[in-house]
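First the structure, in the form of structure tokens, and then the observations on it.
All values below were derived from every heavy atom in this structure, side-chain atoms included, with hydrogens, water molecules and symmetry-related copies excluded. Naming: A, B, ... by sequence-line order, numbering from 1 per chain.
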Protein chains: 2
Amino acid sequence: MARTFRSLRRQNLSAQVVREIGLSIMRKEFQPGDALLSEPELSQQFNVSRPVLREALKVLAEKGLIESRPRTGTRVRPRTDWNLLDPEVLTWQYEVGPDPAFLEAVCEVRLMFEPMTARLAASRATAEEIETIERACGRLEELVEEAEPYIEADLAFHSAICAAAHNELLQRIVATLAAPLRASRLVTARLPGANRRTMPLHRRVAEAIRQGQELAAEEAMRELIVLTTEDVHRALGYSGTGPDLSLSTCPGQGEAPATAREGGE
Amino acid sequence: MARTFRSLRRQNLSAQVVREIGLSIMRKEFQPGDALLSEPELSQQFNVSRPVLREALKVLAEKGLIESRPRTGTRVRPRTDWNLLDPEVLTWQYEVGPDPAFLEAVCEVRLMFEPMTARLAASRATAEEIETIERACGRLEELVEEAEPYIEADLAFHSAICAAAHNELLQRIVATLAAPLRASRLVTARLPGANRRTMPLHRRVAEAIRQGQELAAEEAMRELIVLTTEDVHRALGYSGTGPDLSLSTCPGQGEAPATAREGGE
DNA sequence: ACCGTTAAATTGTATGACAATTGTGGAGGC
DNA sequence: GCCTCCACAATTGTCATACAATTTAACGGT
């Protein structure tokens, strides 16, 4: 076969193999029970050496997608074992086709931790962090009519608040959720006026944090998340109107996965 | 040299190297800026071949601990880039010495997720899942005087509730947090009577979920987490420096707005 | 002093061979 | 005929070595 997929030399060979196999797993091309050819066969199929392939399998095993044992070969693990918090797994998940149920899950999770994150931020933010938050809020207002730039600004806003909460675990969770968040934003971006509708709440959140009003910040953030959740529901509700509603705006296969660099600013 | 660490042959060589290097990074034996010998040197130091070492480095890079580039070598990344949600990273974190600040972070995150998880469980649990939860609660009562077995039963209890919430993202988060949770439990286990003190709340949570009382389940779970957080503080010798998070209100979206505002119970 | 070229060091990749592990099937015994 | 045990084969695990690609840094030319 000599699959000529070694074209984009932007990254390691093993990384390309990882992506390739990972995507095919996401596409459910293998039953969770058993599958995947042997290492020599796979290395021949991808036209890479066995050490390279083994590095790739190691990474995939690290993500919980596969499991290798002598004699048995490498088998695809059930979906419940997949590390859904892994940025790459999340990205692949959306490349093969965004799942409304998963978007719903993301909204629920946001509703769980973002309000209290805002509360902690109101309690702990330093002057500098408050400044960062307000600046992010300002950019949000400037870009209210834009589409993709607004999404980035929105992520920056929430990320700044999370940083001000001074909880490194939380920070990690938000960084990890950046990928699906971006995806959900791409869904809601086509709703006219959605950005403008949530703007007052953004302002209220920033203001409450600045004044150290914990409960107000928490409540404003909760309303904000509820609003965006409604937007997601509405966006998913009238699915099928536009031709390219499948959020093809993802960086996708042309480049290296853009989400490999998270840690939002 | 020839470090005789290849003793426990129960797992792969690369896995042992991963653990070894990972732990030394956790011990802050390297500055975040730069460090780590070259691959040939490392492979000699650990007495393994270079492919094996490379597989190990690949895994460590996957966990965000290091970054390899040609000519520059592999450098240790700053702590903000660690994948704190990785079970192994979490485990190592506690092996090198449990960090009170991190335990505090875990408690905060729990307080964010678990109440609403209980609420969702009350809303969505099937008869079978309810059965599982109640059985876990029963085991909890049996083991109330034990130490380690109780911890496992407690984890099973919360895990069962999480499964009943039908949110795979949430499930992943809770599964990931199992490691630090276990650690925090080991801290509080030395407090006499702590298990017995939280028992009524466990029962209340299970009962509320069984009867589908969403708000009651949420509130009971919140109280439960607050209680265990207090236990952690007492075990660590804290004196109430943290913010008072006990009255976090959560009037959910479409539900009955029957929650008390500020002012306690 | 500045810029381009070269060179060395490190990771990246390839090849081939051998050891360790384990599930399967077959041979032998009951 | 059925069960037990053992040997075998297939697959991953490990090793050694060589070479290519990349990138930084030094060096020399202008």
Side-chain angles (χ1 to χ4, degrees), chain A residues 1-21 25 30-31 33-77 256 260, chain B residues 1-21 25 30-31 33-77:
Chain A
M1 313 192 77
R3 311 249 303 246
T4 65
F5 81 114
R6 300 168 67 160
S7 44
L8 21 79
R9 303 226 151 187
R10 212 61 241 175
Q11 50 186 345
N12 295 341
L13 259 188
S14 59
Q16 300 175 35
V17 176
V18 164
R19 174 183 162 80
E20 205 78 7
I21 298 179
I25 291 179
F30 305 94
Q31 292 301 325
D34 186 303
L36 244 56
L37 304 98
S38 67
E39 288 181 357
E41 288 172 306
L42 281 176
S43 64
Q44 188 183 354
Q45 175 180 342
F46 289 105
N47 200 23
V48 299
S49 67
R50 193 151 89 93
V52 167
L53 181 104
R54 278 184 61 80
E55 288 179 13
L57 292 184
K58 208 79 183 174
V59 170
L60 288 170
E62 197 63 21
K63 298 180 186 304
L65 299 188
I66 62 175
E67 191 178 25
S68 293
R69 293 175 58 191
R71 166 74 201 190
T72 310
T74 87
R75 306 185 307 192
V76 176
R77 298 177 64 178
Chain B
M1 286 303 194
R3 314 248 305 245
T4 64
F5 82 113
R6 299 166 70 160
S7 44
L8 17 76
R9 298 220 151 197
R10 216 54 256 175
Q11 52 185 347
N12 295 341
L13 257 188
S14 58
Q16 299 175 34
V17 176
V18 164
R19 174 182 162 79
E20 205 78 8
I21 299 180
I25 292 179
F30 305 94
Q31 292 300 326
D34 185 304
L36 244 56
L37 305 99
S38 67
E39 288 181 357
E41 288 172 306
L42 281 176
S43 64
Q44 188 183 354
Q45 175 179 342
F46 288 106
N47 200 23
V48 299
S49 69
R50 192 157 158 252
V52 168
L53 181 103
R54 277 183 61 81
E55 287 180 13
L57 292 185
K58 208 80 182 173
V59 170
L60 288 170
E62 198 62 21
K63 298 181 186 302
L65 300 189
I66 62 175
E67 190 178 26
S68 293
R69 293 175 58 190
R71 167 73 201 193
T72 311
T74 88
R75 306 188 307 190
V76 176
R77 296 176 67 178

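Counting to the nearest Å, the C1' atom of D:dT12 and the CG atom of A:L53 are 12 Å from each other. Between B:R50 atom CZ and D:dC19 atom P the separation is 14 Å, expressed in whole Å. Between the P atom of D:dT11 and the CD atom of A:Q44 lies a distance of 14 Å, rounded to the nearest Å. Rounded to whole Å, the distance from CG on A:L37 to C1' on D:dT11 is 13 Å. If you take CG of B:N47 and C1' of D:dA16, they are 13 Å apart, rounded to a whole angstrom. A straight line from CG of A:L42 to P of D:dA10 spans 18 Å, rounded to a whole angstrom. Counting to the nearest Å, the C1' atom of D:dT14 and the NZ atom of B:K58 are 19 Å from each other. Remark: P of D:dT14 and CD of A:E39 are 11 Å apart, rounded to the nearest angstrom.
The distance from atom CZ of A:R54 to atom OG of A:S49, rounded to the nearest 0.5 Å, is 11.5 Å.
Looking at the side chain of B:S38, the nearest of the listed nucleotides D:dA16, D:dA25, C:dT11 is C:dT11. Between C:dT13, D:dT24, C:dT24, one nucleotide has an atom nearer to the side chain of B:R54 than all others, and that is C:dT13. Nearest to the side-chain atoms of A:P70 among the listed nucleotides D:dT14, C:dG23, D:dT11 stands D:dT11. Among the nucleotides C:dG23, D:dA25, C:dA14, the one closest to any side-chain atom of B:R71 is D:dA25. Checking D:dG13, C:dT15, C:dT13 against every side-chain atom of A:S68, the shortest atom distance belongs to D:dG13. Side chain of A:N12, nearest nucleotide from C:dT22, C:dG12, D:dC15: C:dG12.
Sequence order on DNA chain C of the closest nucleotides to A:T72 and B:T74 puts B:T74 first from the 5' end.
Counting heavy atoms from C-beta on, the side chains of B:V17 and B:L13 never come closer than 4.5 Å.
Side-chain nitrogen and oxygen atoms of A:S49 include at least one within less than 4.0 Å of the OP1 or OP2 phosphate oxygen of C:dA14.
Taking a cutoff of 4.0 Å between a charged side-chain nitrogen and a carboxylate oxygen, B:K58 and A:E62 do not qualify as a salt bridge.
Residue B:R69 is in sugar-phosphate contact alone, with no base atom involved, counting any heavy-atom pair closer than 4.0 Å across all strands shown.
For the side-chain contact (heavy atoms from CB on, under 4.5 Å) with A:T74, the qualifying choice from A:I21, A:L36, A:L65 is A:L36, the only one to do so.
Considering every non-hydrogen atom in both A:L60 and A:V18, the closest pair reads CD2-O, 3.8 Å.
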